[in-house]
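This report refers to the structure that appears directly beneath it.
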Amino acid sequence: MRDFHPNSNRVRGESRYSLFQVSTKGGTSSESLLTVEEVAELLKVLRSWVYQNTRRRSQDRIPFVKVGRYLRFREEDLLTYIQHRTVRG
């Protein structure tokens, strides 16, 4: 039996990045949506940096999905964002 972790909305032993079911024309697919905190942790930057780089006046905006008042980030979009900013020497 899996235990519910008291300090989060996930079951103990599950990944901290929750999977979100997304309906597509061909059916449903599992797609990982990340929170601002998870993106900041992944990129090793401050949360304020993530918010700053989602604003309209930012030249290189991080792509996001608006869920009500919350920002969510598709893992695939984030990986593409990182790949486009990789400097090769």
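- Residues meeting the salt bridge (charged side-chain N to carboxylate O under 4.0 Å, His left out) test with Arg57, sequence neighbours left out: none.
- Rounded to the nearest 0.5 angstrom, Leu78 CG and Gln83 CD are separated by 10.5 Å.
- The environment of CZ in Arg61 is crowded: more than 12 heavy-atom neighbours from other residues, nucleotides or ligands sit within 6.0 Å.
- Looking at residues two or more places apart in sequence or on another chain, you find no salt bridge (charged side-chain N to carboxylate O under 4.0 Å, His left out) involving Arg72.
- With a 4.5 Å cut-off on side-chain heavy atoms, Val45 and Val50 count as touching.
- To the nearest 0.5 Å, atoms CG (Asp77) and CG (Leu33) are separated by 9.5 Å.
- Separation of atoms CG (Leu46) and CD (Glu41) is listed at 13.0 Å; rounding is to 0.5 Å.
- Leu79 and Phe73 fall into different hydrophobic clusters, where Ile, Leu, Val, Met, Phe, Trp and Tyr residues are linked whenever their side-chain heavy atoms come under 4.5 Å apart, directly or through other members.
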>> Trp49 vs Ile62, test: side chain to side chain contact (heavy atoms under 4.5 Å, CB included). Steps then yes/no.
In response: CA-CA 11 Å; Trp49 185 92; Ile62 299 173; 3.8 Å; yes

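- With hydrophobic clusters built from ILVMFWY side chains whose heavy atoms lie under 4.5 angstrom apart, Leu43 shares a cluster with Phe64.
- Residues Thr54 and Leu71 approach most closely at OG1-CD1, 3.8 Å, considering heavy atoms.
- Cation-pi check for Arg85 over Tyr81 is met; the charged atom lies under 6.0 angstrom from the ring centroid and within 45 degrees of its normal.
- The line from CG of Asn53 to CD of Gln59 is 10.5 Å long, rounded to the nearest 0.5 Å.
- Cluster annotation: Leu42 and Tyr70 are assigned to distinct hydrophobic clusters (Ile/Leu/Val/Met/Phe/Trp/Tyr, side-chain heavy-atom contacts under 4.5 Å, transitive).
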